[in-house]
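Everything on this sheet refers to the single structure shown next.
Atom set for the values below is all heavy atoms of this structure, side chains included, hydrogens, waters and symmetry mates excluded.
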Amino acid sequence: ITEKPLKKEQTNPKRVDINVLKSKLQETESKELKKNLYLLSFLILGLGVLGIYLSLWGGLQLIFIHGLNSDMHGIKALSIEKYAKKHNLSYIRFDCRGHGKSFGNFEDLNITDWKNDTLYVIDKLTKGPQILIGSSMGGWLMMLAAKLRKKRVCGLIGLAAAPDFG
């Protein structure tokens, strides 16, 4: 894996053979190991193969977090992208594992895994202050991320946000 920053609109960093990862998943009985292999594939595949869209236009950075059983290609995500472009804001949208084009079985993953995906995007793909935009379950994820990355998150926008305060 390269440590070079992603270039403007680069969505296809270094790849590995997804069939090797799938066969490893089929061979193991451990649910915890499966989760770790999903995370590993999410990172190794450079996120691009798994549904990262990154546009660096400048200004503040917006990160869109989709809802449960949704993905980064919905109307909300694409509309926010247009807004970001128009207002010279950097923008990231991504598919949490088990959603959209990302790797993993939805049934084997949970909110903690998707929170970790969100934190990875914040920690590894961005610098400076972030505005998180969460739709439905993405609203829950943005609140968890804001709680854990207080110095990195400068704003929250919830779209029919569905956080669990329990």
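Scanning both residues, I157 and M142, for their nearest heavy atoms gives O-SD, 3.4 Å. Closest approach of M72 and A77 over heavy atoms only: O-CB, 3.3 Å. Considering all non-hydrogen atoms of both residues, A145 and I122 come closest at CB-CD1, 3.8 Å.
Two residues are said to be in side-chain contact when any heavy atoms from C-beta on lie closer than 4.5 Å; T126 and R152 meet this criterion. In this structure, R149 and L119 have side chains that are in contact, with non-hydrogen atoms separated by less than 4.5 Å. Considering only heavy atoms from C-beta on, Q61 comes within 4.5 Å of I92 through its side chain. Taking the side chain as every heavy atom from C-beta outward, Y91 and K85 never approach each other to under 4.5 Å. Side-chain contact check for E81 versus L62: every heavy-atom pair is 4.5 Å or farther apart.
Heavy-atom contacts from other residues, nucleotides or ligands closer than 6.0 Å to OH of Y83 number 12 or fewer.
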Verdict with supporting geometry, L148 and K115, side-chain contact (heavy atoms from CB on, under 4.5 Å): CA-CA 10 Å; L148 295 168; K115 175 197 70 177; 3.8 Å; yes

Chi angles and distances behind the side-chain contact (heavy atoms from CB on, under 4.5 Å) call for L156, I131: CA-CA 6 Å; L156 301 173; I131 298 173; over 6 Å; no

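Note: S90 OG to Q130 CD = 8.5 Å, rounded to the nearest 0.5 Å. To the nearest 0.5 Å, atom CG of residue D108 and atom CZ of residue R97 are 11.0 Å apart.
Looking only at distances, a side-chain donor or acceptor of D113 sits under 3.5 Å from a matching main-chain atom of N110. Side chain of N105 to backbone of E107: no donor-acceptor contact under 3.5 angstrom is found.
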Side-chain donor-acceptor distances from residues 63-71 under 3.5 Å, at least two apart:
{"residue": "H66", "atom": "NE2", "partner": "C96", "partner atom": "N", "Å": "2.9"}
{"residue": "D71", "atom": "OD1", "partner": "H73", "partner atom": "N", "Å": "2.8"}

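For I111, the side chain to side chain contact (heavy atoms under 4.5 Å, CB included) test picks out W114, M137, W140, L141, L144, with sequence neighbours left out.
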